[in-house]
Chemist: 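First the structure, which I've put down as structure tokens, then a few questions once you've had a look.
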Amino acid sequence: MKHRILSLMLAALLLTGSSTACRRTAVEETASAEETAPQLLTHVYTETVLTLPEDYSYSGIVSSTADSVTLLGTRWMRAGDGENPRAQYENSVYESAQITFYTDDRQPLVTPLGTLSYDQYTTAPDGTGYGISSYYDENTGFSGFRIDRITGGVPETVCENIAVLFGVDDPSQAGRFFPAGLQTDTAGRLYIATHEALVVLNPDMIPVMRLDNLMGCQGMARRGEDIFLLYYDFEGNGGNVIAPILPEENKLGAPLALPEGIHAQSLYLGSGYDLYYLADGGFWGLHTGDTEGTLLMRMANSNLPDSFSDLAVLDAEHLFVRYNMGDTSTLALLTKGEDIDISSVTTLDMAILWQGSSDLNTAVVKYNKSHPNIRILLKDYNLLATEEENSVDRLLREIETGVYTPDLFYLSEEAVIRYLAERNLLQDFYPLLEGEEVFHADNLFGAVKNTYTTGGSDLYALPIYLELETVIADKTVIGDRESWTIEECLTLSEQMLTEGKYIPGEILMDMGNTVFSFIDWETYTCSFDTDLFRRFLAYVTTAVQEGEHKLAEMETDPENRYIPYLNGYLPAAVVEYSRPDQILSDILYFGDNKITVGYPTPDGTGGTRLRTSLTDVFMIAADCADTDAAWNFIKSAMPSAEDVWRLHGIAAWKHIFDAQIEEESGMYNFVRYDGGMSGSSQDFELAPDGTYRGRPGIKTTLTPEKAEAFKKLLETAGRPLSMGGDTGEITAIMEEEMSALIAGSCTPEECADRIQSRVSLWLAEHKN
């Protein structure tokens, strides 16, 4: 739950109304659907799964060449001695080995390293190994890391505590220096990176270079005779960079950075390109001086997840990866493959506006792997946007002209969803839900059916998870109402302001339920020149001033910043629910007096905003090539009762919500006290006199009983989509005119007239 201060209302106004244009005029067709229909899958790599020998487990990448990758493997032999469980763990016997896999048919090469386990390991060009392992001193309770030199499989400790290499002799501080990378160069120097510092040692283990306060070290890489540091550039423009380490000059060299506008998940070195990186669900290569990278692999087309836990570049056509799909970890060599002819299989095109969901990517990959005769193809319009045409405009243009007709949609833009539903371009889910044992309509929360149902009662969208945004209030102030009209809310707001309290203007300013309720999207007319809207503008002007005044008071007394809420200064607030523990957090405001009242609407029939976690929903096109295959894919993408541990929001299906609450009951605890609030997954204990930190406290814990009331909200929450057309330009008009009003440049009456005039003109221009 978060409370947004009134001084930020105009920014919120701009953000909540940023939907992009729904074009309503025909666009000249540039190509036929047959001409642009995909026949080949390009940028595809084939996968060879690697199996570690003799029960070894993966520990990390040691090195790679153009035709091989060497991994560190460790296998546990027996439990250690001692009564202390930590000592048993630390003293357990392990066997470590270098395991080299080749890109040709050679068998893996296993090189034993002895009975030690290493957190970081590297091999010098002369074959000498260096490893960093953790230690724990049972007598002092201190932990840290030491360095071993391994020659012929025999380890020799050359530094008992790496912290001393960074100028820290206090053993209690040794644990701060957690190793992030280990490399050697052709001169025999050893490079050690922690998350905050870097040190270079000569062959005698004497430091010859040290850099502190790096704050963003993420690893190191070796290419030829040079060692590079991977770190996050906080001082520059931000983002990951790789820079050569220059021991002779005691500094980092000029970084290899991505061109402006490219934001990568990770950077890598390898032969073939100066730099490799992961971005936008693809693997890219970059030559120095290029303004954009070269797409080498599209992960979804290669049946791979859109991110890897480890990756090593052998060259542009060979990669080593480690990735997770659910609870399964896979090691694999990837090889550049031929384009795949998909003309003989059933293909389902899915249009998306953002490839940011790992859940979506995982679902696509799993479905494609288990259905060889069906292929889900993703088309990410975010990657196709230009300065002249954004992603939404391009999607709608291609749909309108028949250039591209998706079978599935995974979208978030409210105006686009409304556009598709109003034109009967989507299939009804209700027939598909009939006869299902798990995914049937009665098992789906009413919030979804309330939100994604047309006037003809067709259910046209399904989310995986839910987020709710609504208004809670103190029932001692507003009574037992379950909803309110805009006028009722405004009347109470004016009364509260007179009494020295206020209801945030954002409750009235919400785009989907209040301000844009003054627009009739059926006739494309508006009524901002009414007394009600003028009253609203007058209230907002005063509320912003009061909010800024109260914000200044709270900032001067941060210890008691919650007291205005607890003492009733704020009788209503906007809350957002995206996790089960937030069911409890609204006690910060109103405790047992809390009721959920929802945003005000013209007719007072509701006003709880429903969003999906990750803000996306599944839809099936009316002319989908294979509805059964599309529905089977969507079902496979829905979480199961066993997946509650990885839910990113509130489950849309009742049985999963029940399992989620049951698993998390007792995990979330909150205590509210005079002056503040604390929340934790660990239990809180109030003092015998009922105080916490010396102040009266109230403790609460998530239980199935507390969740039951929230479950009722999930049944009734939601609203029909109320925004149509382009609200972004209208939002800009309102932001401009209301800024002038708050600055004192005009009266509420003048502001209302200007908004009415400008919005009326915009609506007339965009009608039909």
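This structure is a prediction, so every number in the text was calculated from the model and none was measured.
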Chemist: Using a strict cut-off of less than 4.0 Å between a Lys/Arg side-chain nitrogen and an Asp/Glu carboxylate oxygen, indicate whether Asp474 and Lys501 qualify as a salt bridge.
Modeler: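 Salt bridge between Asp474 and Lys501, a charged N being under 4.0 Å from a carboxylate O: no.
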Chemist: Within a strict 4.5 Å, meaning less than it, do heavy atoms of the Thr601 and Ile486 side chains meet?
Modeler: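 When only atoms from C-beta onward are counted, Ile486 and Thr601 do not touch, as no gap falls below 4.5 Å.
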Chemist: Would you find more than 12 non-hydrogen atoms of other residues, nucleotides or ligands less than 6.0 Å from Glu765 atom CD?
Modeler: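 Buried by this count: over 12 neighbours within 6.0 Å.
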Chemist: Kindly indicate whether the side chain of Ile661, heavy atoms from C-beta on, has any atom under 4.5 Å from the side chain of Glu708.
Modeler: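 Result no, sub-4.5 Å side-chain heavy-atom pair not found.
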Chemist: Taking C-beta and beyond as the side chain, do Arg758 and Glu736 meet within less than 4.5 Å on heavy atoms?
Modeler: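 Sidechains of Glu736 and Arg758: in contact.
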Chemist: Determine yes or no for a side-chain-to-main-chain donor-acceptor pair under 3.5 angstrom, with Thr491 supplying the side chain and Glu487 the backbone.
Modeler: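 The answer is yes, because a donor-acceptor pair under 3.5 Å joins these two groups.
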Chemist: Would you please indicate if the ring centroids of Tyr577 and Phe710 are separated by under 6.0 Å?
Modeler: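 Ring centroids of Tyr577 and Phe710 are less than 6.0 Å from each other.
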Chemist: Which heavy atom of Cys489 sits nearest to which heavy atom of Pro600, and what is that distance?
Modeler: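 Result for this residue pair: CB-CB, 3.8 Å.
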Chemist: I need the Leu462 CG to Lys449 NZ distance, nearest 0.5 Å.
Modeler: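 NZ of Lys449 is found 11.0 Å from CG of Leu462.
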Chemist: Could you report the tightest heavy-atom contact between Ala461 and Val448, atom names first, then the distance?
Modeler: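 Heavy-atom minimum between the residues: O-CG1, 4.0 Å.
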Chemist: Are any side-chain N or O atoms of Ser517 and backbone N or O atoms of Pro602, one a donor and one an acceptor, separated by less than 3.5 Å?
Modeler: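 It does not hold such a pair.
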Chemist: Roughly how far, to the nearest 0.5 Å, is CG of Leu420 from CG of Leu426?
Modeler: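 These two atoms lie 5.0 Å from each other.
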Chemist: Would you please classify the geometry between the Tyr381 ring and the Tyr404 ring as parallel, tilted or perpendicular, with 30° and 60° separating the classes?
Modeler: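 Rings of Tyr404 and Tyr381: tilted, 30 to 60°.
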Chemist: Find the distance between CG (Leu741) and OG1 (Thr747) and round it off to the nearest 0.5 Å.
Modeler: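 Going from CG on Leu741 over to OG1 on Thr747, the span is 8.0 Å.
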Chemist: ring-ring contact (aromatic ring centres under 6.0 Å, His included) for Phe445 and Phe657? Distances and angles first, verdict last.
Modeler: CA-CA 10 Å; Phe445 275 120; Phe657 175 81; 5.5 Å; yes
Chemist: Under 3.5 Å, is there a donor-acceptor pair between the side chain of Arg754 and the main chain of Glu737?
Modeler: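 Not at all, since once roles are kept as given, no pair shorter than 3.5 Å links the two residues.
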Chemist: Does Leu468 reach the side chain of Val575, with side-chain heavy atoms less than 4.5 Å apart?
Modeler: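 Contact flag for Leu468/Val575 side chains = no.
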Chemist: Charged N to carboxylate O under 4.0 angstrom, Lys379 versus Glu398?
Modeler: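 Glu398 and Lys379: salt-bridged.
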Chemist: Taking only residues two or more places apart in sequence or in another chain, which ones pass side chain to side chain donor-acceptor pair (under 3.5 Å) with Thr523?
Modeler: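 In terms of side chain to side chain donor-acceptor pair (under 3.5 Å), with neighbours along the sequence ignored, Thr523 is linked to Asp520, Thr525.
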Chemist: Looking only at atom types and distance, does a side-chain atom of Trp484 sit under 3.5 Å from a main-chain N or O of Gly598, one as donor and one as acceptor?
Modeler: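 Present.
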Chemist: May I ask you to decide if Asp753's main-chain N or O and Ser757's side chain share a donor-acceptor pair within less than 3.5 Å?
Modeler: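 No.
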Chemist: Would you call Tyr465 and Ser578 a side-chain contact if the rule is heavy atoms closer than 4.5 Å?
Modeler: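 No, every pair of side-chain atoms sits at 4.5 Å or beyond.
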Chemist: Check side chain to side chain donor-acceptor pair (under 3.5 Å) between Thr470 and all other residues, then give those that pass, not counting sequence neighbours.
Modeler: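 Partners of Thr470 by the side chain to side chain donor-acceptor pair (under 3.5 Å) criterion, ordered by chain and then number, come out as Thr608.
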Chemist: Taking only residues two or more places apart in sequence, or in another chain, which ones meet Glu494 in a side chain to side chain donor-acceptor pair (under 3.5 Å)?
Modeler: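 With neighbours one apart ignored, the set is Arg535.
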Chemist: Side chains of Thr731 and Glu735 only: does a donor on one sit below 3.5 Å from an acceptor on the other?
Modeler: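 No, because no side-chain N or O of Thr731 sits under 3.5 Å from a partner of the opposite role on Glu735.
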Chemist: List the steps and the verdict of side chain to side chain contact (heavy atoms under 4.5 Å, CB included) for Tyr410 and Leu353.
Modeler: CA-CA 8 Å; Tyr410 191 64; Leu353 292 175; over 6 Å; no
Chemist: Would you name the heavy atoms of Leu384 and Arg394 that are closest together and state the gap between them?
Modeler: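 Residues Leu384 and Arg394, closest heavy atoms: O-NH1, 3.4 Å.
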Chemist: The test is side chain to side chain contact (heavy atoms under 4.5 Å, CB included); show your working for Leu714 and Ile650 and say whether it passes.
Modeler: CA-CA 9 Å; Leu714 290 172; Ile650 300 166; 3.9 Å; yes
Chemist: To the nearest 0.5 Å, tell me how far Ile352 CD1 sits from Asp380 CG.
Modeler: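 Result: 4.0 Å between the selected atoms.
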Chemist: Quick check against the 3.5 Å criterion: does Glu389 have a side-chain atom that pairs as donor or acceptor with the backbone of Thr386?
Modeler: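 Answer holds: no.
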Chemist: Mind checking what makes side chain to side chain donor-acceptor pair (under 3.5 Å) contact with Glu292, not counting sequence neighbours?
Modeler: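 Result, side chain to side chain donor-acceptor pair (under 3.5 Å) vs Glu292: none returned.
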Chemist: Distance-only, no hydrogens or angles: does the Asn240 side chain make a donor-acceptor pair with backbone N or O of Gln265 under 3.5 Å?
Modeler: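 Judged by distance alone, yes, a pair lies under 3.5 Å.
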Chemist: Apply side chain to side chain contact (heavy atoms under 4.5 Å, CB included) to Val759 and Ile519, showing your working.
Modeler: CA-CA 9 Å; Val759 174; Ile519 297 177; 4.2 Å; yes
Chemist: At their closest point, which heavy atom of Pro463 faces which heavy atom of Ala652, and how far apart are they?
Modeler: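 The pair with the smallest heavy-atom distance is O-CB, 3.7 Å.
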Chemist: Hey, could you give me the CG/CE distance between Leu537 and Met734, rounded to the nearest 0.5 Å?
Modeler: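 The CG atom of Leu537 sits 9.0 Å away from the CE atom of Met734.
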Chemist: When you measure from the side chain of Gln756 to the backbone of Cys526, do you find a donor-acceptor pair of N or O atoms at a distance under 3.5 Å?
Modeler: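 Yes, the answer is positive, given that a donor and an acceptor are paired below the 3.5 Å cut-off.
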Chemist: Keeping the roles fixed (side chain from Gln660, backbone from Gly649), state whether a donor-acceptor pair exists under 3.5 Å.
Modeler: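 Yes, because the side chain of Gln660 sits within donor-acceptor range (under 3.5 Å) of the backbone of Gly649.
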Chemist: When you measure from the side chain of Asp458 to the backbone of Thr454, do you find a donor-acceptor pair of N or O atoms at a distance under 3.5 Å?
Modeler: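 Not confirmed, Asp458 side chain does not pair with Thr454 backbone.
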Chemist: Provide the closest heavy-atom pair for Ser493 versus Ile503 in the form atom of the first, atom of the second, distance.
Modeler: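 Shortest heavy-atom separation between Ser493 and Ile503 comes out as OG-CB, 3.6 Å.
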Chemist: Look up atom OG in Ser527 and atom CG in Leu532, then write down how far apart they are to the nearest 0.5 Å.
Modeler: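 It comes to 8.5 Å.
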Chemist: Describe, in one word, how the ring planes of Phe528 and Phe533 are oriented to each other, choosing from parallel (under 30°), tilted (30 to 60°) and perpendicular (over 60°).
Modeler: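 Ring orientation of Phe528 relative to Phe533: perpendicular.
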Chemist: Heavy-atom distance under 4.5 Å between the side chains of Val574 and Ile507, does that happen here?
Modeler: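 Yes, side chains in contact.
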Chemist: What's the shortest heavy-atom distance between Lys654 and Leu444, and which atoms?
Modeler: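 Here Lys654 and Leu444 meet closest at CE-O, 3.8 Å.
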Chemist: Would you please name every residue forming a salt bridge (charged side-chain N to carboxylate O under 4.0 Å, His left out) with Glu750, sequence neighbours left out?
Modeler: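 Here no residue qualifies.
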Chemist: Using the salt bridge (charged side-chain N to carboxylate O under 4.0 Å, His left out) criterion, which residues pair with Lys711? Sequence neighbours excluded.
Modeler: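 Checked Lys711 against salt bridge (charged side-chain N to carboxylate O under 4.0 Å, His left out); matches are Asp658.
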Chemist: Using side chain to side chain contact (heavy atoms under 4.5 Å, CB included), reason through Leu459 and Asp428 one step at a time and then give a plain yes or no.
Modeler: CA-CA 5 Å; Leu459 180 65; Asp428 180 11; 4.0 Å; yes
Chemist: For the residue pair Glu400 / Tyr419, report whether a side-chain donor-acceptor contact shorter than 3.5 Å exists.
Modeler: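 Yes, because at least one side-chain N or O of Tyr419 sits under 3.5 Å from a partner of the opposite role on Glu400.
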Chemist: Decide yes or no for Tyr232 and Val241: does some side-chain heavy atom of the first lie under 4.5 Å from some side-chain heavy atom of the second?
Modeler: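 A side-chain contact under 4.5 Å is absent here.
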Chemist: Any non-hydrogen side-chain atom of Glu715 less than 4.5 Å from a side-chain atom of Asn450?
Modeler: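 No. Closest side-chain heavy atoms not under 4.5 Å.
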